[in-house]
Amino acid sequence: MVDELETYKTKRDPQKTPEPFSAKSLDKNKLFFVIQEHHATRLHFDFRLQIGNVMPSWAIPKGVQNDSTVKRLAMKTEDHPLDYRKFSGIIPEGEYGAGEVTIWDEGTYVPEVEIAKGVRKKIEAVKEGEKVMLEGIKKGEVKFYLFGKKVKGSFALVKTKGFPPGKTNAWLLIKHK
Ligand code: MN
């Protein structure tokens, strides 16, 4: 996986935070996503896409929109365990990410590939889709269709090159037209 859960575990003490550490896949035929509203030092929205038992994650200060004319800055953060998609609660004062977490939207997603300019194909088979997602994250570009309650449609996450200056974990979330 991308960085598995090593970074996640080193940042958190299971004795001190209610956040989940387990990762059980309940439905092997679907891939899930979640967007969590996180009232940390700065409000942001954590966008997580399941690959296997982990959820590669991005912190999006302005959240996810269905509007294809805006690009959202999305900072890549550490992989989270799959069970995190069900988490809402309070991370205690003094702990990493202290503040309230609520689920802003959730649902399933289907990875996509571009088969011709502007034309996308859904990869419905989970194993193949996960492979496409993993390769895409390594390359710095993933495409997917979100089936959420608030967000719906084709999106892409694209790693930026040298923007903002000095940031190596900056991606852009773009809604496909
Ligand atoms: Mn967060």
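Numbering of residues begins at 1 and proceeds along the displayed sequence.
Side-chain contact between Thr7 and Asp79: absent, with no pair of heavy atoms (C-beta onward) separated by less than 4.5 Å. Using a 4.5 Å cut-off on side-chain heavy atoms (C-beta onward), Ile60 and Leu73 make no contact.
Take Glu114 and apply the salt bridge (Lys or Arg N to Asp or Glu O under 4.0 Å) test, not counting sequence neighbours, and it matches no residue. By the side-chain hydrogen bond (donor to acceptor under 3.5 Å, both in side chains) test, Thr168 is found to be paired with no residue, residues two or more places apart in sequence or in another chain being considered. Residues passing the salt bridge (Lys or Arg N to Asp or Glu O under 4.0 Å) test with Arg120, sequence neighbours excluded: Glu112. For His39, the side-chain hydrogen bond (donor to acceptor under 3.5 Å, both in side chains) test picks out Glu37, with sequence neighbours left out. Lys138 meets the salt bridge (Lys or Arg N to Asp or Glu O under 4.0 Å) test with no other residue; sequence neighbours excluded.
Under the 4.5 Å side-chain heavy-atom criterion for Ile, Leu, Val, Met, Phe, Trp and Tyr, Val110 and Leu146 are members of distinct hydrophobic clusters. Both Leu157 and Leu31 belong to a common hydrophobic cluster when Ile, Leu, Val, Met, Phe, Trp and Tyr are linked at side-chain heavy-atom distances under 4.5 angstrom. One hydrophobic cluster, built from ILVMFWY side chains closer than 4.5 Å, cannot hold both Ile123 and Val126; they sit in different ones. Residue Val70 is not grouped with residue Phe45 when hydrophobic side chains (ILVMFWY) are merged at heavy-atom distances under 4.5 angstrom, including chains of intermediate members.
Contact record, Val151 with Val64: CG1-CG1, 3.6 Å, taken as the closest heavy-atom pair. Between Ile91 and Gly97, the shortest heavy-atom distance links the atoms CD1-O, 3.5 Å. Between Tyr109 and Phe147, the shortest heavy-atom distance links the atoms CA-CD1, 4.4 Å. The nearest pair of heavy atoms linking Ala59 to His44 is CB-CD2, 3.9 Å. Nearest heavy atoms, His176 versus Gly118: NE2-O, 3.5 Å. Shortest non-hydrogen contact noted between Pro81 and Ser22 is CB-O, 3.3 Å.
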Side-chain donor-acceptor distances from residues 128-136 under 3.5 Å, at least two apart:
{"unit_1": "Glu130", "atom_1": "OE1", "unit_2": "Lys127", "atom_2": "NZ", "d": "3.3"}
{"unit_1": "Glu130", "atom_1": "OE2", "unit_2": "Gly52", "atom_2": "N", "d": "2.7"}

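Between Tyr84 and Phe87, the angle of the ring planes lies from 30° to 60°, which puts this pair in the tilted group. Between Phe47 and Phe144, the two ring planes are tilted [angle within 30° to 60°].
Remark: side-chain polar atoms of Ser57 are paired, donor with acceptor, to backbone N or O of Met55 under 3.5 angstrom. Formation of a donor-acceptor pair under 3.5 Å by the Asp46 side chain with backbone atoms of His38 is not found in this model. In this structure, Thr17 contributes its side chain and Pro14 its backbone to no donor-acceptor pair below 3.5 Å. Between the side chain of Asp105 and the main chain of Lys150, a donor-acceptor pair closer than 3.5 Å is present.
In Lys159, the NZ atom is crowded: over 12 heavy atoms of neighbouring residues, nucleotides or ligands sit closer than 6.0 Å.
The NZ atom of Lys76 sits 6.5 Å away from the CH2 atom of Trp171 when rounded to the nearest 0.5 Å. Summarising the geometry, atom CD belonging to Glu100 is positioned 8.0 Å from atom OG belonging to Ser88; distances are rounded to the nearest 0.5 Å. To the nearest 0.5 Å, atom CG of residue Asp13 and atom CD of residue Glu95 are 6.5 Å apart.
Remark: of the listed residues Leu49, Asn66, Ile174, Val142, Asn66 is the sole one forming a side chain to side chain contact (heavy atoms under 4.5 Å, CB included) with Phe155. If you run salt bridge (charged side-chain N to carboxylate O under 4.0 Å, His left out) between Glu78 and each of Arg48, Lys9, Arg12, only Arg12 comes through.
Remark: Arg85 qualifies as a cation-pi partner of Phe32 under the 6.0 Å distance and 45° angle criteria applied to the six-membered ring.
Looking at Tyr145 and Lys122, their side chains never bring a donor and an acceptor atom within 3.5 Å of each other.
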query = When you look at Gln50 and Lys30, which way does the side chain to side chain contact (heavy atoms under 4.5 Å, CB included) test go after all the steps?
reply = CA-CA 9 Å; Gln50 176 191 3; Lys30 288 194 170 87; over 6 Å; no

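Within the 6.0 Å centre-distance limit, the rings of Tyr8 and Phe21 are counted as a close aromatic pair.
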